[in-house]
Amino acid sequence: MRDEILPTVTESAMRGIACKCPRCGNGKLYAGFLTLRPNCEACGLDYAFIDTGDGPAIFIIMIAGAIVVGCALIVEVKYQPPFWLHAALWFPLILATTLLPLRAMKSLLIALQFHHKAAEGRLIDREPK
């Protein structure tokens, strides 16, 4: 498996969106909703390198916020419904635009992290000039 050519960025992104192993594309990435497996069941890739941090949540918050706030502003300006109707309308949309794409966004960032061999920053020892 180690002698194979790395997938292209598009292939890595598609593996990420499908929530599959970033190396082989066959094994499952998650054991639960957002809980990662310890390793790939197909190729044995150790998932210890994975550290997405808050990146997926931030992307989802920005995208969902733009969608929900835009829709709420349009409805408010056009129809001026009472506040309870706003709550009834936008709460399900908030849940749908945040929870549904969160797994795919997290696995997409994991796949791109694997593809680009992203790691923690390291200081380089340099000679003084």
Side-chain angles (χ1 to χ4, degrees):
M1 195 74 182
R2 300 198 191 324
D3 296 335
E4 289 186 15
I5 299 171
L6 279 177
T8 64
V9 175
T10 306
E11 289 172 337
S12 292
M14 295 309 290
R15 289 176 182 178
I17 292 171
C19 301
K20 298 293 184 179
C21 173
R23 182 165 66 185
C24 69
N26 295 322
K28 294 179 181 177
L29 194 58
Y30 294 107
F33 181 65
L34 289 175
T35 307
L36 294 171
R37 294 178 179 269
N39 55 20
C40 178
E41 57 197 16
C43 69
L45 175 65
D46 185 18
Y47 293 152
F49 72 92
I50 296 172
D51 181 25
T52 57
D54 293 335
I58 296 300
F59 284 120
I60 295 299
I61 287 169
M62 295 298 171
I63 294 168
I67 292 169
V68 173
V69 169
C71 291
L73 285 173
I74 291 169
V75 169
E76 176 62 30
V77 169
K78 194 165 184 174
Y79 302 109
Q80 298 174 348
F83 289 127
W84 67 266
L85 188 56
H86 272 296
L89 285 174
W90 308 124
F91 185 69
L93 183 62
I94 290 168
L95 289 178
T97 57
T98 55
L99 294 180
L100 293 178
L102 191 56
R103 276 175 61 114
M105 181 62 76
K106 182 174 180 177
S107 59
L108 173 63
L109 290 180
I110 289 168
L112 293 176
Q113 179 183 3
F114 177 79
H115 179 81
H116 294 291
K117 298 177 180 68
E120 290 183 20
R122 295 181 190 89
L123 295 176
I124 299 172
D125 292 332
R126 295 189 177 156
E127 307 251 341
K129 292 185 179 182

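Below, all heavy atoms of this structure are taken into account, side chains as well, without hydrogens, waters or symmetry copies.
The distance from the CD1 atom of Ile110 to the CZ atom of Arg15 is 14.5 Å, given to the nearest 0.5 Å. A distance of 7.0 Å separates CG of Leu45 from CD1 of Ile50, quoted to the nearest 0.5 Å. With rounding to the nearest 0.5 Å, the separation of CG in Leu36 from OH in Tyr30 is 6.0 Å.
In this structure Ser12 satisfies the side chain to side chain donor-acceptor pair (under 3.5 Å) test together with His115, sequence neighbours excluded. Contacts of Phe49 classified as ring-ring contact (aromatic ring centres under 6.0 Å, His included), with partners at least two apart in sequence or in another chain: Phe114.
One N or O on the side chain of Thr8 and one on the backbone of Glu11 form a donor-acceptor pair closer than 3.5 Å.
Of all the heavy atoms in Cys40 and Gly27, the pair that sits closest is SG-CA, 3.7 Å. What you find for Lys28 and Glu41 is that their closest heavy atoms are N-OE2, 3.5 Å.
There is no path of hydrophobic side-chain contacts, each under 4.5 Å, that joins Leu109 to Met14.
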Pairs of donor and acceptor atoms involving the side chains of residues 79-108, under 3.5 Å and at least two apart or interchain, shall be tabulated with distances.
residue	atom	partner	partner atom	Å
His86	ND1	Trp90	NE1	2.9
His86	NE2	Glu76	OE1	2.6
Thr97	OG1	Leu93	O	2.8
Thr97	OG1	Ile94	O	3.4
Thr98	OG1	Ile94	O	2.7
Thr98	OG1	Leu95	O	3.4
Arg103	NH1	Gly32	O	2.8
Arg103	NH1	Phe33	O	3.2
Lys106	NZ	Leu34	O	3.1
Ser107	OG	Gly16	O	2.3
Ser107	OG	Arg103	O	3.1
Ser107	OG	Ala104	O	3.1

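Residue Phe59 places its CZ atom among 12 or fewer non-hydrogen atoms of other residues, nucleotides or ligands, all under 6.0 Å distant. Around the CG atom of Asp46, the shell of radius 6.0 Å holds more than 12 heavy atoms that belong to other residues, nucleotides or ligands.
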